[in-house]
K.L.:
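Take this structure first; my questions come after.
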Amino acid sequence: MKLTRIIAVVCLAALLSGCSGGSVYSNYREIEQLMVIQTMGFDYAESGVRLSASSGSDSAGGGGDAKGGKQGGSTQVARLSAEAESFSLAKERMQDYSAREDLYFAHTSYIAVGGESAKKSVMPFLDYIERSTELRLDIPLFVVTNGAASELVLGAGGESYDATSVLRSLERNLTLRGDGVIYNAAQIVADLDTNGCALISAVKAVKADESVKEAKQSELTAIPDGYMVIKNGKAVGSIPIEYARGVNILQNKVGPSSVELDTDGTRATVQLDKCSCDINPVFDGEHLAGLDIQITLTAALSETADSIETQKLSRALANTAKLWVTEALGVSQSLECDFLQLGSVLERKEPKRLAGMSSDLSESLPSIYYNVGVEAKVNRSFDVGLGSSE
């Protein structure tokens, strides 16, 4: 027993003292030496790939101009970009531009991919994320539908532009509104592995002064643009923002969100409360003939200019939700692409009869039909603007 304790003490002393240099960390750096990268952009370039990076205004230790310097004693947003044959070489070149600090990627919060690059292939980008020892798999991914990722990450000029704050605000707004789902790298890779199809959240880079009058003309912001559809590693289509909620309903990922309804010329706003979607297979003998999709929605009235019956609001909400869902299903069917992962849902419902459907449904989509039923109920909210008739 005494010998065991002596050995344990010796081993602990060796770990604390380190094998060389007095530290167990061979890559130790003071935090003041680090430029913490929080947003990255991936694009293809003539020489290979273009890697863009932004430190974020709240990065510890880092900041400064594009060469890694600091200005006026305050933390500035560092924005860097480099082209090379590979991302590893591009990262090395960016490090050369930041001579004062070491680039630190472990705290990367967002990754953007250029829209044209996504049409060629997103697989090299996903492979790099998977193999990197610095990047996490739970990093949210976005596709910039109207330009290169570098344009969103670097901005159109102005020292105050911060792509990290822009994407963080976008993520927060989507969460609060409940009308969008942000997919991370791990989810996208898993969906592609299952059946070769996946969705990536899409954004547009626009001038901030178009939506915020106080914004400077050179500043950019990002607005939701639905979803980009990925099939066999390439972007092949999209779900427009006006039908994005159809994807969320079919995947049971709808959160509280506002919906504008028009009933006989009277406009009203309702707040979605609860939503459930039940999907079941319909068979013709032993073959899958269609899908029966039953959706239940409840909502509460938020605003209205005139008196309006709740029955009319309920019918309008049901019709609107059905349009969202059928449009999303129509894109899936026309692209022969089960990006909604409905095959996995069916396989769980009928594991024996539909074994393998999680990977095979894409091929069957053109030959099956959809029966979509929506039951919606709008409840009174503070008894404002509702007629006495139900």
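Heavy-atom basis, side chains included; hydrogens, waters and symmetry copies ignored. Because the structure is a prediction, the values reported are computed rather than measured.
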K.L.:
For the atom pair SG (C277) and CG (N252), what is the distance rounded to the nearest 0.5 Å?
P.N.:
5.5 Å
K.L.:
Give, for atom OH of Y370 and atom CG of L365, the distance between the pair rounded to the nearest 0.5 Å.
P.N.:
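Reported value, rounded in 0.5 Å steps: 4.5 Å.
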K.L.:
Can you find a pair of side-chain heavy atoms, one from V247 and one from Q251, that are under 4.5 Å apart?
P.N.:
yes
K.L.:
So if you build clusters from Ile, Leu, Val, Met, Phe, Trp, Tyr with side-chain heavy-atom gaps below 4.5 Å, do V282 and I293 land together?
P.N.:
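No; tracing contacts between hydrophobic side chains, which count when under 4.5 Å, never links both residues.
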K.L.:
Is it true that T164 and T39 share a donor-acceptor pair across their side chains at a distance under 3.5 Å?
P.N.:
yes
K.L.:
Indicate whether the side chain of T269 and that of E260 have a donor and an acceptor atom separated by less than 3.5 Å.
P.N.:
no
K.L.:
Determine whether V372 and L361 fall in the same hydrophobic cluster, where Ile, Leu, Val, Met, Phe, Trp and Tyr are linked whenever their side-chain heavy atoms lie under 4.5 Å apart.
P.N.:
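Same cluster: V372 reaches L361 through Ile, Leu, Val, Met, Phe, Trp or Tyr contacts under 4.5 Å.
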K.L.:
Give a yes or no on whether the backbone of E83 and the side-chain of R93 come within a donor-acceptor separation of less than 3.5 Å.
P.N.:
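Such a contact is found between R93 side chain and E83 backbone.
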K.L.:
Would you say that L297 contacts L317 through its side chain, given a criterion of any heavy-atom pair below 4.5 Å between the two side chains?
P.N.:
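With C-beta onward as the side chain, the pair touches.
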K.L.:
Measuring from atom CD1 of I368 to atom CD of Q333, what distance do you get when rounded to the nearest 0.5 angstrom?
P.N.:
6.5 Å
K.L.:
Would you confirm whether S52, through its side chain, and S81, through its main-chain N or O, come within 3.5 Å as a donor-acceptor pair?
P.N.:
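Judged by distance alone, no pair lies under 3.5 Å.
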K.L.:
Would you check if there is a donor-acceptor pair between the side chains of E171 and N173 at a distance under 3.5 Å?
P.N.:
no
K.L.:
Would you say that L51 contacts M94 through its side chain, given a criterion of any heavy-atom pair below 4.5 Å between the two side chains?
P.N.:
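Side chain of L51 against side chain of M94, heavy atoms only: contact under 4.5 Å found.
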K.L.:
Would you list the pairs meeting salt bridge (charged side-chain N to carboxylate O under 4.0 Å, His left out) in which at least one residue belongs to residues 269-283, sequence neighbours left out?
P.N.:
D278-K349
K.L.:
Go through it in stages, so that I can follow the logic: the residues are D225 and T145, the test is side chain to side chain donor-acceptor pair (under 3.5 Å), and I'd like the CA-CA distance, side-chain angles, deciding distance and then a yes or no.
P.N.:
CA-CA 8 Å; D225 196 28; T145 56; 2.7 Å; yes
K.L.:
Do S169 and R172 make a side-chain contact, defined as non-hydrogen atoms from C-beta onward lying under 4.5 Å apart?
P.N.:
yes
K.L.:
Please answer: with hydrophobic residues joined when any side-chain heavy atoms are less than 4.5 Å apart, are I37 and L89 in the same cluster?
P.N.:
no
K.L.:
Looking at Q341 and C197, would you say the former's side chain and the latter's main chain have a donor-acceptor pair under 3.5 Å?
P.N.:
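Side chain of Q341 to backbone of C197: a pair is present.
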K.L.:
Looking only at atom types and distance, does a side-chain atom of R136 sit under 3.5 Å from a main-chain N or O of T108, one as donor and one as acceptor?
P.N.:
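Yes; judged by distance alone, with no hydrogens or angles, the pair exists.
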K.L.:
For the side chain of D262 and the backbone of G265, is there at least one donor-acceptor N/O pair under 3.5 Å apart?
P.N.:
yes
K.L.:
Taking the side chain from Y110 and the backbone from G41, do they hold a donor-acceptor pair closer than 3.5 Å?
P.N.:
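Not at all, since once roles are kept as given, no pair shorter than 3.5 Å links the two residues.
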K.L.:
Distance-only, no hydrogens or angles: does the D338 side chain make a donor-acceptor pair with backbone N or O of S359 under 3.5 Å?
P.N.:
no
K.L.:
Please report, to 0.1 Å, the donor-acceptor pairs under 3.5 Å made by any side chain of residues 230-239, with sequence neighbours excluded.
P.N.:
unit_1	atom_1	unit_2	atom_2	d
K231	NZ	L335	O	3.0
K231	NZ	E336	O	3.1

K.L.:
Which residue is it: V122, I182, I129? I am looking for the one with a side-chain contact (heavy atoms from CB on, under 4.5 Å) to L141.
P.N.:
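When side-chain contact (heavy atoms from CB on, under 4.5 Å) is applied between L141 and each of V122, I182, I129, only I129 qualifies.
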K.L.:
Where does the angle between the aromatic ring planes of Y227 and Y183 fall among parallel (under 30°), tilted (30 to 60°) and perpendicular (over 60°)?
P.N.:
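Because their plane-to-plane angle is over 60°, the rings of Y227 and Y183 count as perpendicular.
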K.L.:
Okay, side chain of N379, backbone of A300: is any donor-acceptor separation there less than 3.5 Å?
P.N.:
no
K.L.:
So which atom in A222 and which in L152 form the shortest heavy-atom distance, rounded to 0.1 Å?
P.N.:
CB-CD1, 4.2 Å
K.L.:
Please report the closest heavy-atom contact between A328 and G246, naming both atoms and the distance.
P.N.:
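Of all heavy-atom pairs spanning A328 and G246, the closest is CB-C, 4.2 Å.
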K.L.:
Answer yes or no: is there a side-chain heavy-atom contact under 4.5 Å between R245 and V325?
P.N.:
no
K.L.:
Might you point out which heavy atoms bring G226 and I241 nearest each other, and give the distance in Å?
P.N.:
N-CD1, 3.6 Å
K.L.:
Any carboxylate oxygen within less than 4.0 angstrom of a Lys/Arg side-chain nitrogen, looking at E309 and K312?
P.N.:
no
K.L.:
Are K91 and E134 within salt-bridge range, i.e. N to O under 4.0 Å?
P.N.:
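Result for this pair is yes, salt bridge flagged.
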K.L.:
Decide whether a cation-pi geometry holds between R79 and Y161; the criteria are a distance under 6.0 Å from NZ or CZ to the six-membered ring centre and an angle within 45° of the ring axis.
P.N.:
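No, cation not above the ring by the 6.0 Å, 45° rule.
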K.L.:
Okay, side chain of S201, backbone of V181: is any donor-acceptor separation there less than 3.5 Å?
P.N.:
yes
K.L.:
Which heavy atom of A198 sits nearest a heavy atom of I188, and at what distance?
P.N.:
CB-O, 3.9 Å
K.L.:
Any side-chain heavy atom of I111 sitting closer than 4.5 Å to one from F42?
P.N.:
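Result yes, sub-4.5 Å side-chain heavy-atom pair found.
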K.L.:
Does I139 offer a backbone N or O that forms a donor-acceptor pair with the side chain of N184 under 3.5 Å?
P.N.:
no
K.L.:
If you define the side chain from C-beta out and look only at heavy atoms, does anything of Q38 sit under 4.5 Å from R168?
P.N.:
yes
K.L.:
Going by heavy atoms in the side chains, are W324 and V254 under 4.5 Å from each other?
P.N.:
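A side-chain contact is absent here, since even the closest heavy-atom pair is not under 4.5 Å.
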K.L.:
Checking L80 against M35 for the side-chain contact (heavy atoms from CB on, under 4.5 Å) test, could you report, in this order, the C-alpha distance in whole Å, the side-chain angles of both residues, the deciding distance, and whether it holds?
P.N.:
CA-CA 11 Å; L80 308 98; M35 180 187 292; 3.7 Å; yes
K.L.:
Rounded to the nearest 0.5 Å, what separates atom CG in D162 from atom CG in L167?
P.N.:
9.0 Å
K.L.:
What distance do L261 atom CG and T263 atom OG1 have between them, rounded to the nearest 0.5 Å?
P.N.:
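Those atoms lie 7.5 Å apart.
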K.L.:
Nearest 0.5 angstrom please: K352 NZ to E347 CD, how far?
P.N.:
14.0 Å
